[in-house]
There are 2 protein chains.
Amino acid sequence: MATDRRLQFFEESLQLIHHQGYKGTTMRDIATKLKCDVANLYNFVKSKEEILDISLFSINEEFHDGIDAIIESKHTPVGKLRLITQLYVRLTHEKPYEISLLVNSWRHLSHKKKKKFLAERTAYEQKVQRVIQEGVDVGEMKALDPVLATNMVLSAMRWLFDSFADQKSDWNPVEVERQINEFVVSGLGV
Amino acid sequence: MATDRRLQFFEESLQLIHHQGYKGTTMRDIATKLKCDVANLYNFVKSKEEILDISLFSINEEFHDGIDAIIESKHTPVGKLRLITQLYVRLTHEKPYEISLLVNSWRHLSHKKKKKFLAERTAYEQKVQRVIQEGVDVGEMKALDPVLATNMVLSAMRWLFDSFADQKSDWNPVEVERQINEFVVSGLGV
DNA sequence: ACTTTAGATCAACATTTGTTGATGTAAATA
DNA sequence: TATTTACATCAACAAATGTTGATCTAAAGT
């Protein structure tokens with residue numbers, strides 16, 4: 001099922017969706033990029049929404065699995081936080097167009113799927129929150145509101161997908177990772 | 001020209017655009033909200049894009065003017081940075097749906113207008129960058145990459161519009177402002 | 001040799017969407 | 001009183017958009 005052409009179809013689709021938005025990308029746009037007829041696309045997915053659907057929940061799962069592994073590990077709160085930002089930076093560098101879906105295009109999921117997505121997102125935000133809360137409790141971090149702190153930390157990295165997707169920018173992801181960690185850790189640190 | 005009905009039209013339009021995206025919001029959606037006919041909307045704007053256009057460049061100007069005033073003031077780099085985050089938080093609290101346009105909907109501007117918007121955005125990002133660069137130079141801030149630092153600082157607040165637009169969340173903007181400043185200043189501080 | 005499979009083609013469709021023109025009305029303004 | 005102003009209504013259209021069905025081809029698997 002994962003043929004070259006099919007992979008190319010998803011790749012081009014996600015790039016277009018990143019740049020033009022989900023609603024702003026038509027099946028005809030995608031077909032033009034692939035130099036084929038529109039009808040052809042329905043050999044790969046049974047509807048436009050399936051492009052979003054499949055790609056979004058796939059990257060979402062990958063991210064959640066990573067978070068879970070970190071949460072269950074035996075690190076200090078600060079150590080866990082470092083690993084979380086590391087995970088986020090790496091995943092974003094690897095798959096900027098997929099992350100773009102998590103940031104922007106999730107709004108266009110069907111009602112049911114959107115509800116599912118939001119529930120999952122809330123769940124992992126709470127996991128990160130608990131790490132920060134623990135950090136505050138053991139005196140490793142300063143007493144900011146954990147919800148607010150979580151939003152700041154995650155949001156502080158949310159520009160990366162745009163930058164990595166851009167041809168012109170060529171950040172070294174390891175260096176980015178280091179500086180983000182420095183910012184976040186001393187931003188929350190006592 | 002700024003009648004009640006006209007103001008209501010823009011208000012409802014921006015709320016819909018925030019929740020459904022620009023392309024996802026139809027003129028008929030807006031008309032339904034206003035309980036009037038579609039054709040009626042063209043008494044207020046001459047095209048759909050004008051809704052985006054007018055609202056986006058209006059909030060953009062407001063923000064840029066604020067930034068400029070801060071840049072020209074006689075504060076230390078850290079002082080200026082505090083004022084910048086303060087400005088951002090206040091403006092976002094006042095006008096979350098307008099800020100939403102700056103974050104998301106600008107992509108759907110016409111080619112010409114988009115170019116103009118991006119040029120302006122780059123210009124003010126560079127202004128913030130120079131503040132941070134200055135902070136590094138005088139030893140007030142740690143030596144992170146100024147581009148990266150700027151992105152992190154601005155991005156760290158980019159979740160706020162979503163939160164302020166949401167009925168359920170009721171952050172106290174002054175407290176939010178304080179905590180964001182604490183995070184950002186100690187995140188960049190030496 | 002037979003059949004499945006991945007992909008391509010072409011014509012056609014029902015809806016959705018932005019937009020227009022012609023017209024009406026009630027209140028404010030002159 | 002005459003007229004401008006703000007807003008409303010109705011019918012209609014051209015273009016864009018997601019989707020389908022029927023058919024074809026060439027390669028891969030059996």
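Because only heavy atoms are used, hydrogens play no part in the values below, and waters and symmetry mates are left out as well, while side chains stay in. Protein chains get the first letters and strands the later ones, always in sequence-line order, with residue 1 at the start of each.
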Please give, in whole Å, the distance from D/dT20 C1' to A/R28 CZ? 12 Å
Examine distances only and state if a side-chain atom of B/E182 and a backbone atom of A/L144 form a donor-acceptor pair shorter than 3.5 Å. no
Considering only heavy side-chain atoms of B/Y42, the closest of C/dT9, D/dT9, C/dT19 is C/dT19
Which nucleotide wins on minimum distance to the side chain of B/K48, given the candidates C/dT19, C/dG21, D/dG18? C/dT19
From CD of B/E50 across to C1' of C/dG18 the rounded distance in Å is 14 Å
Does the side chain of A/S47 get closer than 4.0 angstrom to OP1 or OP2 of D/dG18 through an N or O atom? no
Given D/dT17, C/dA8, D/dC7, which nucleotide is nearest the side-chain atoms of A/T26? D/dT17
Closest to side chain of B/F44, choosing from C/dT9, D/dC7, C/dG18: D/dC7
Candidate list A/F164, A/F161, A/Y88, test ring-ring contact (aromatic ring centres under 6.0 Å, His included), partner A/H93, passing option: A/F164
How close or far is atom P of C/dG18 from atom CG of B/L52, stated in whole angstroms? 13 Å
Between B/Q133 and B/R130: side-chain donor-acceptor atoms closer than 3.5 Å: no
Can you measure A/L34 atom CG to C/dG7 atom P for me and round it to whole angstrom units? 11 Å
A/R6 side chain: which of C/dG7, D/dT9, C/dT19 is closest? C/dG7
Are any non-hydrogen side-chain atoms of B/L34 and B/L41 less than 4.5 angstrom apart? yes
Among D/dC10, C/dC10, C/dA8, which nucleotide has an atom closest to any side-chain atom of B/D37? D/dC10
In whole angstrom, give the distance that lies between atom CG of B/L41 and atom P of D/dT9. 11 Å
Whole angstrom is fine here: how far is it from NZ in A/K46 over to C1' in C/dG7? 20 Å
When the distance from NZ of A/K23 to P of C/dG18 is rounded to whole Å, what number comes out? 11 Å
Please pick, from D/dC7, C/dG7, C/dG18, the nucleotide with the shortest atom-to-atom distance to any side-chain atom of A/N43. C/dG7
Whether A/R121 and B/D162 form a salt bridge (side-chain N of Lys/Arg under 4.0 Å from carboxylate O of Asp/Glu) is what I want to check. no
Starting at atom CG of A/N40, determine the distance to atom P of D/dT20, rounded to an integer number of angstrom. 15 Å
Between B/A39 and A/R5, which has a closest nucleotide on DNA chain C that is more 5'? A/R5
